[in-house]
Number of protein chains: 2
Amino acid sequence: MSRASQVDVAVTLPRNYLRPCLLLLLGEGTAHGYELMDQVAELGLSKVDPAGLYRCLRAMDEEGLVESRWEPSTVGPARRTYGLTDEGRDWLRGVSESLADLNRVLGLFQRRYGVLEGRDPSP
Amino acid sequence: MSRASQVDVAVTLPRNYLRPCLLLLLGEGTAHGYELMDQVAELGLSKVDPAGLYRCLRAMDEEGLVESRWEPSTVGPARRTYGLTDEGRDWLRGVSESLADLNRVLGLFQRRYGVLEGRDPSP
DNA sequence: CCACGCTAGGTGTACTGTGCACCTACGGTG
DNA sequence: CACCGTAGGTGCACAGTACACCTAGCGTGG
């Protein structure tokens, strides 16, 4: 890195985006943490660190959005299997709406930037 | 608030989203901070607090993404007028692409949630 | 037997962005 | 004069995140 003043400020995913992702995956079927780590990658969250994932699951467990039980494994250490609760399903529905809003806002940004760049969005 | 365990974790706008918004507005024309405060509301950022806005402008100024000059005012206190630099324009182009990625990711989430809820996304 | 690697689930901590409260200063108006 | 609106700013505390690190079970190769 030769230029120290290089701008490396990144615009990242929404805050707490991991939560809806996990809830969506758990809505599709129960799973344990280590498994979810791979699956969230398909939802845009490349490289989630395990720390955040497990902490998020724990928090949602305490809040009642998910429920968990230990399942002993014959091929390795025991695992915690998570499932979605009704409350979690409700929360997911709500957050899905606000994500849709965010999607619209970003679309607006794109269109407006397109106008600025001289590209006509509706030919 | 009767229920203390109420889940109030919100999924908000992307981190640093204020930056591209300000750069977009400055791309459309020079402005000063107080003016931008109203304009960002049109881009989905309802209630930005002045603190973050001015700090963001200052940071971008120091990074060379925007340039500023004091302009004395006859009707009130002096104001700092900001304009977009070439570097800022480059950064805006880059960040616009990553926001487009984010938009796609959110679209994917929506479709997948739609499938989960039993709604067919492509009739 | 021991070292190593993979699975699985964590803790501790520092960084960073954001939100809230608060402050200065200028000009106009009652 | 006191007060309001404009304009720009500081200080601080909180929350989410990123990074490093740890424990433990089981299987495999030397």
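Every value quoted in this text rests on a predicted model; they were computed, and no experiment measured them. To find a chain, count down the sequence lines: A is the first, B the second, and so on, and within it residues start at 1.
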remark   = Taken to the nearest 0.5 Å, the spacing of B:E42 CD from A:L108 CG works out to 9.0 Å
inquiry  = With a 4.5 Å cut-off on side-chain heavy atoms, are B:L36 and B:L22 touching?
reply    = yes
ask   = In whole angstroms, how far is the C1' atom of C:dC20 from the CG atom of B:L53?
value = 16 Å
query = Just how large is the angle between the end axes of the helix from C:dC1-D:dG30 to C:dG30-D:dC1, five pairs per end, to 10 degrees?
reply = 20°
request  = Hey, could you give me the CG/OH distance between A:L57 and A:Y54, rounded to the nearest 0.5 Å?
outcome  = 8.0 Å
request  = Report the C-alpha distance between B:R15 and A:V11 in whole Å, list the side-chain angles of each, state the deciding distance to 0.1 Å, and finish with yes or no for side chain to side chain contact (heavy atoms under 4.5 Å, CB included).
outcome  = CA-CA 6 Å; B:R15 251 219 206 10; A:V11 175; over 6 Å; no
query = Roughly how many Å is it from OH in A:Y17 to C1' in D:dA18, rounded to a whole number?
reply = 19 Å
request  = Report the distance from atom CZ of A:R111 to atom OH of A:Y113, rounding to the nearest 0.5 Å.
outcome  = 16.0 Å
inquiry  = Whole angstroms only, please: what is the CD-P distance between A:E71 and C:dA8?
reply    = 12 Å
Side chains of residues 64-71 of chain A: which donor-acceptor partners sit under 3.5 Å, not counting sequence neighbours?
{"unit_1": "A:S68", "atom_1": "OG", "unit_2": "A:D61", "atom_2": "OD2", "d": "2.6"}
{"unit_1": "A:R69", "atom_1": "NE", "unit_2": "A:E71", "atom_2": "OE2", "d": "3.4"}

key: Salt-bridge criterion met for B:R19 and B:E63 (N-O under 4.0 Å)   = yes
message = I need the CZ-C1' distance between B:R79 and C:dA25, as an integer number of Å.
response = 14 Å
request  = Residues of residues 94-102 of chain A with any non-hydrogen atom less than 4.0 angstrom from an atom of DNA chain D: list those, numerically ordered, please.
outcome  = none
message = Taking the nucleotide of DNA chain D with the nearest heavy atom to each, does A:N16 or A:V75 sit closer to the 5' end?
response = A:N16
note = Between A:L26 and A:Y82 the two heavy atoms that sit nearest each other are CD2-O, 3.6 Å
inquiry  = As an exercise, state the distance from OG of B:S96 to CG of B:N103, rounded to the nearest 0.5 Å.
reply    = 10.0 Å
inquiry  = Could you tell me how far apart A:R15 (CZ) and D:dT17 (P) are, to the nearest whole angstrom?
reply    = 7 Å
note = Sorted by number, residues from residues 25-48 of chain B placing a heavy atom under 4.0 Å from DNA chain D are B:H32, B:G33, B:Y34
query = Which is true for B:T74 with a 4.0 Å heavy-atom rule: it touches a base, it touches only sugar-phosphate, or it touches nothing?
reply = sugar-phosphate
request  = Quick one: closest heavy-atom pair of A:G33 and A:L53, and the distance?
outcome  = O-CD2, 3.6 Å
What's touching nucleotides 10-14 of chain C from the protein side, N or O pairs under 3.5 Å?
{"unit_1": "C:dG10", "atom_1": "OP1", "unit_2": "A:R58", "atom_2": "NH1", "d": "2.9"}
{"unit_1": "C:dG10", "atom_1": "OP1", "unit_2": "A:R80", "atom_2": "NH1", "d": "3.2"}
{"unit_1": "C:dG10", "atom_1": "OP2", "unit_2": "A:R80", "atom_2": "NH1", "d": "3.3"}
{"unit_1": "C:dG12", "atom_1": "N7", "unit_2": "A:R55", "atom_2": "NH1", "d": "3.4"}
{"unit_1": "C:dG12", "atom_1": "O6", "unit_2": "A:R55", "atom_2": "NH2", "d": "2.4"}

ask   = Rounded to the nearest 0.5 Å, what separation is found between the CZ atom of B:R112 and the CG atom of A:L24?
value = 6.0 Å
task = Using the test side-chain hydrogen bond (donor to acceptor under 3.5 Å, both in side chains), find all partners of A:D90 that sit at least two apart in sequence or belong to another chain.
result = A:R93
remark   = Between the CG atom in A:L106 and the CG atom in B:D101, the distance rounded to the nearest 0.5 Å is 11.0 Å
